[in-house]
**Student:** 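Okay, here's the structure, questions in a sec.
Naming: A, B, ... by sequence-line order, numbering from 1 per chain.
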Amino acid sequence: MPSLALLLSQAFNGLALGTLLALVSSGLTIILGTLGVLNFAHGSLLMVGCYVALVVLNATGSWLLALVSVLVFMFVAGVLIERVIMRLFYQRPPEDQILVTFGIGIVVVETMRALFGSQTQHMAVPPWGEGVTRIGFLIYPTYRLELIGIIAFTLLVQYVVLYRTSLGLVVRAGIENAAMTGILGINVPRTFLLVFGFGVVAAGVAGMLYGPILSVTPDSGEVYLVQAFVVIVIGGLGSFPGAVLGGLIAGEIMSITSAFNSAYSEVMLYAVMALVLVVRPQGLFGTEGRV
Amino acid sequence: MNETGKVSSVRRRTLLLGGLGLAGTCGFLNQALAAEHNAPLGTWPAGISGNTAFLGITTPLTGPYAADGQDHQLGYELAIAEINAGSPLVQKWGLKGKGVLGKTLRYKIADSQTKPNVAVQAQTGFIQQDKAIMITGCVSSATAVALEELAQRDKVLNMVGASGSNDTTGKNCQRYAFRSQPSAYMACRALAPVVAKALGKNLKAAYLVPDYTYGHSVFDSFSRFAKEHGWTIATQQVVPLGTSDFSSALLNIANSDAQVFVNVAFGADAVTSTKQADQFGVLKKMKMIVPNISSFQAKETGPELMAGVYGTFDFWWGLEDRYPLAKDFVQAFVKKNKYHPRWGAHIGYLQTLVWAVSVERAKSFYPPDVIKVLEASKSDPYETSLGKVWYRAEDHQLVRPVPVVVGKAASAMKNPDDFYDVVEVVPGDQVMSPPDAFGCHLGPYT
């Protein structure tokens, strides 16, 4: 039986892990909820954000410049993917959408491999995040502590854009009924373009923030795609608050389970997902019959 | 008389020599004819019907072991190019002329994605469509044992790639599979006394263990040999292969009272876990040991995290100072690929050359003949980049030296690949397990 101190430490770690999972999942759920497209290229786009940040950091050492570069690069990439490919698939069956995004993911990963190779790239923790912080009995990496705040702010910005702006209103109207929204004179395709770009930016920012923690290789994003998918299934497909809550639940499940036996942490995550699907198939925040 | 006597003497000698030559020729012809009269087996003789022989190679070019896999590929490519060219380098290993028994080697390489089922699917294609006469390559024990089973079933020789699990030449051993990398048992038996001497006796160790045959094998072996030096287990954290975030496991390790952190994770997982262990303060609190260091771990984490870390390799390029053929290999590899080979490349290179030498010794590609040569190699060891080595007949494990290394500080590096010092090279026969220790029962020849 783990000590109370260890259990509390793991509960805190679950919170930190959960915010990371929530951020990774947010981009996936925004695109799914709005456009009805399950973006299987999400994991690879996350790694693109990571590599863009790495290149800028290696050249300049500036995290601010890296952030700006990631925002711009990922938005342009998102817009291009939507204009050139995704727009042609909105009216196609879901399996076509899955296949095309899966294909985009493969192309993106292999392009990164051609450019950077398969070896892990070293992305250092920023100077303002180095070392460990002691909070009572808990010793925790400073960067991960800071990430909780940074991610909370990032998720808040996403929430405000989606739920407190006119753009968000159009987006949510588009989700409910794209045809009716179009009849009202609103340019729905342009809104969808922005949403896709926004989702890709969210993936890229997650990749950048995750860079100093994870193994920066072209196919590292695959794991995050799977985890993000589990998170949005728990939280409710297409629901932004669901992604946040799902991420936190997933983080806590994996972390608390690890206090007892780390080998079962992922097993428990999938078990909870299965349980949610049985008890509430639409997920915690999902709406029945919609995605 | 004298003149006649000389003539007689010369004739007698000539006759004797001629007789011996004839007997030898007859023996060779008999062997050749015997081989020709063997019933078809696996891809033999279809795979060698022309003037080429085909090798099926699988290696992970994607997934957590991709970096090791690419290095592995380059080792195979170098060996095959040298064999086909009949270079002086491979003549020193015992090969004659170009190719193997005059046949040019052809090959295909498939990406196994670090997944056993993908590797088996690819090698099945090579066996059925390309009539591969030998299959090889992997950077995972899970893949290794899957390919061993395939080799035994299809009666195609398998020169196992990178695999450290005891099961590979233990309960999963096969007549048709030969492993050159040290088993976990060998590596840990070589490493434990060295680290006990360097770090001290009676220490508590925390283990990070990937949840598959390799991880459990290394944990079992290292904890067993460390126990002989009074080391105990503070905690064992088992994590799935391909874990991206080790925070939960590392938190448990950081909260244990261990003095040593034994990191069994491999490939990209080893890099991520090492990086995260540093962020959690584990590396400041504990000395890290990596029983089986990944090919590019120091390069990928940065030398500062691996400085002072003890571990073992299949091969480190610094061994060129000890073995002439290692020097030849390292020089040829650097010339072709512009970096120093890691041990993935070495396994590909050595296994291909040892197979080729065995075929030439057997004077046949017929798998049972080649297997018998490999099994009898103790009486006629192979001259290799690791000195003289041989395969143990009982379990097909290569009896070979095990290099124990320690990571260098960045300031001590003499070139960009100079990450480790070889602390000790432990002779193979000192670290071998009893042949039946892991339940090996080799299958039939035919």
Side-chain angles (χ1 to χ4, degrees), chain A residues 2-3 5-6 9-10 12-14 16-17 20-21 106 109-110 113 117-125 129-132 134 137-144 210 212-224 226-227 251 254-267, chain B residues 60-71 113-114 208-211 215-216 235-240 242-256 265 267-282 284-285 294-297 299-302 304-305:
Chain A
S3 66
L6 182 60
S9 299
Q10 288 290 9
F12 184 81
N13 184 57
L17 193 57
L20 280 166
L21 287 173
I106 291 172
V109 166
E110 293 311 317
R113 200 186 307 285
S118 285
Q119 286 181 27
T120 303
Q121 302 290 318
H122 184 60
M123 188 165 170
V125 170
E130 285 176 355
V132 292
R134 183 178 280 276
F137 56 83
L138 176 70
I139 299 172
Y140 209 73
T142 306
Y143 181 65
R144 286 193 189 235
Y210 237 148
I213 295 172
L214 57 75
S215 176
V216 186
T217 61
D219 35 24
S220 291
E222 194 182 314
V223 180
Y224 298 98
V226 176
Q227 287 181 346
M254 289 201 287
S255 213
I256 298 286
T257 308
S258 289
F260 295 90
N261 190 332
S262 55
Y264 291 100
S265 62
E266 285 199 14
V267 176
Chain B
L61 300 173
T62 55
Y65 298 167
D68 300 81
Q70 286 196 332
D71 187 57
Q113 302 172 22
T114 325
L208 184 70
V209 180
D211 193 10
H216 295 293
T235 181
Q236 179 200 3
Q237 296 296 312
V238 178
V239 289
T243 294
S244 55
D245 195 315
F246 294 87
S247 58
S248 307
L250 289 168
L251 207 53
N252 289 340
I253 288 171
N255 280 286
S256 72
D269 290 1
V271 177
T272 312
S273 58
T274 301
K275 196 165 137 177
Q276 294 179 4
D278 179 52
Q279 291 168 6
F280 272 83
V282 171
K284 285 193 179 65
K285 195 176 163 191
S294 307
S295 295
F296 296 95
Q297 191 164 341
K299 187 178 177 191
E300 292 172 325
T301 60
E304 61 280 0
L305 295 190

**Student:** CG of Asp219(A) to OG1 of Thr114(B): how many Å apart, nearest 0.5 Å?
**Tutor:**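 Result: 8.0 Å between the selected atoms.
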**Student:** Could you check whether any side-chain N or O of Arg144(A) sits under 3.5 Å from a backbone N or O of Phe280(B), counting only pairs where one atom can act as donor and the other as acceptor?
**Tutor:**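 No, the answer is negative, given that no donor and acceptor are paired below the 3.5 Å cut-off.
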**Student:** Based on non-hydrogen pairs under 4.5 Å, which of Gly63(B), Ala249(B), Ala254(B) is most in contact with chain A?
**Tutor:**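 Of the options given, most contacts go to Gly63(B).
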**Student:** At a heavy-atom distance under 4.5 Å, which candidate from Gly14(A), Ala5(A), Pro212(A) has the highest pair count against chain B?
**Tutor:**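 Heavy-atom pairs under 4.5 Å are most numerous for Pro212(A).
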**Student:** For the residue pair His122(A) and Glu304(B), what are the closest heavy atoms and their distance?
**Tutor:**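 Smallest interatomic distance, heavy atoms only, reads NE2-OE2, 4.3 Å.
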**Student:** Measure distances from Tyr210(A) to the heavy atoms of chain B and classify the residue's part below 4.5 Å as side chain, backbone, both or neither.
**Tutor:**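 Contact with chain B involves the side chain of Tyr210(A) alone.
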**Student:** Measure the spacing between NZ of Lys299(B) and OG1 of Thr120(A) and express it to the nearest 0.5 Å.
**Tutor:**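 If I round to the nearest 0.5 Å, the distance is 11.0 Å.
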**Student:** State, to 0.1 Å, how close Ser248(B) and Leu17(A) come at their nearest heavy-atom pair, and which atoms those are.
**Tutor:**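 Here Ser248(B) and Leu17(A) meet closest at OG-CD2, 4.4 Å.
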**Student:** Which residue out of Gly69(B), Pro240(B), Ser244(B), Gly242(B) racks up the most heavy-atom pairs below 4.5 Å with chain A?
**Tutor:**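 Of the candidates given, the most pairs with chain A belong to Ser244(B).
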**Student:** Under 4.5 Å heavy-atom distance to chain B, tell me which part of Gln10(A) shows up: side chain, backbone, both or neither.
**Tutor:**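 For Gln10(A), backbone and side chain are both near chain B.
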**Student:** At a heavy-atom separation under 4.5 Å, does Lys284(B) approach chain A through its side chain, its backbone, both, or neither?
**Tutor:**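 For Lys284(B), there is no contact with chain A at all, as no heavy atom is under 4.5 Å.
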**Student:** Please confirm whether the backbone N or O of Val238(B) pairs with a side-chain atom of Ser262(A), one donor and one acceptor, at under 3.5 Å?
**Tutor:**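 Side chain of Ser262(A) to backbone of Val238(B), a donor-acceptor pair under 3.5 Å: yes, one is there.
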**Student:** Let me know if Ile256(A) has heavy atoms under 4.5 Å from chain B in its side chain, its backbone, both or neither.
**Tutor:**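 Contact with chain B: none, neither part.
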**Student:** Please classify the contact of Leu61(B) with chain A as side chain, backbone, both or neither, using a heavy-atom distance under 4.5 Å.
**Tutor:**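 Backbone only.
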**Student:** Check whether Gln279(B) reaches the backbone of Pro141(A) with its side chain - one donor and one acceptor, N or O, closer than 3.5 Å.
**Tutor:**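 Checked: no pair found.
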**Student:** Calculate, to the nearest 0.5 Å, the distance between atoms CD and CD belonging to Gln297(B) and Gln119(A) respectively.
**Tutor:**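 It comes to 12.5 Å.
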**Student:** What residue, out of Val209(B), Asp211(B), Val271(B), has the most heavy-atom pairs lying under 4.5 Å from chain A?
**Tutor:**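 It is Val271(B).
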**Student:** For Ile213(A), is it the side chain, the backbone, both or neither that has a heavy atom under 4.5 Å from a heavy atom of chain B?
**Tutor:**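 For Ile213(A), heavy atoms of backbone and side chain both lie under 4.5 Å from chain B.
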**Student:** Measure distances from Glu222(A) to the heavy atoms of chain B and classify the residue's part below 4.5 Å as side chain, backbone, both or neither.
**Tutor:**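 Answer is side chain: those atoms of Glu222(A) sit under 4.5 Å from chain B.
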**Student:** Taking atom types as modelled, find out whether Ser247(B) and Asn13(A) have a side-chain donor-acceptor pair closer than 3.5 angstrom.
**Tutor:**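 Per modelled atom types, Ser247(B) and Asn13(A) side chains form a pair under 3.5 Å.
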**Student:** Examine whether an atom of Ser220(A) lies under 4.5 Å from a heavy atom of chain B, and if so say whether it belongs to the side chain, the backbone or both; otherwise answer neither.
**Tutor:**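 Answer is neither: Ser220(A) stays 4.5 Å or more from chain B.
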**Student:** For chain A, which candidate among Ser295(B), Gly281(B), Ala67(B), Pro64(B) shows the most heavy-atom pairs at distances under 4.5 Å?
**Tutor:**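 Max contact count across the listed options: Ala67(B).
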**Student:** Using heavy-atom distances under 4.5 Å, tell me whether Tyr264(A) contacts chain B through its side chain, its backbone, both, or neither.
**Tutor:**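 For Tyr264(A), no heavy atom lies under 4.5 Å from chain B.
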**Student:** Select, from Gly131(A), Ser3(A), Ser258(A), the one with the greatest count of heavy-atom pairs under 4.5 Å involving chain B.
**Tutor:**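 Going by pairs under 4.5 Å, I would pick Ser258(A).
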**Student:** Against chain A, label Gln70(B) side chain, backbone, both or neither, depending on which of its atoms sit under 4.5 Å from a heavy atom there.
**Tutor:**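 Contact with chain A: side chain only.
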**Student:** Let's test your reading of the structure: which of Asp269(B), Asn255(B), Thr301(B), Asp245(B) forms the most heavy-atom pairs below 4.5 Å with chain A?
**Tutor:**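 Sorted descending by pairs with chain A, the first entry is Asp245(B).
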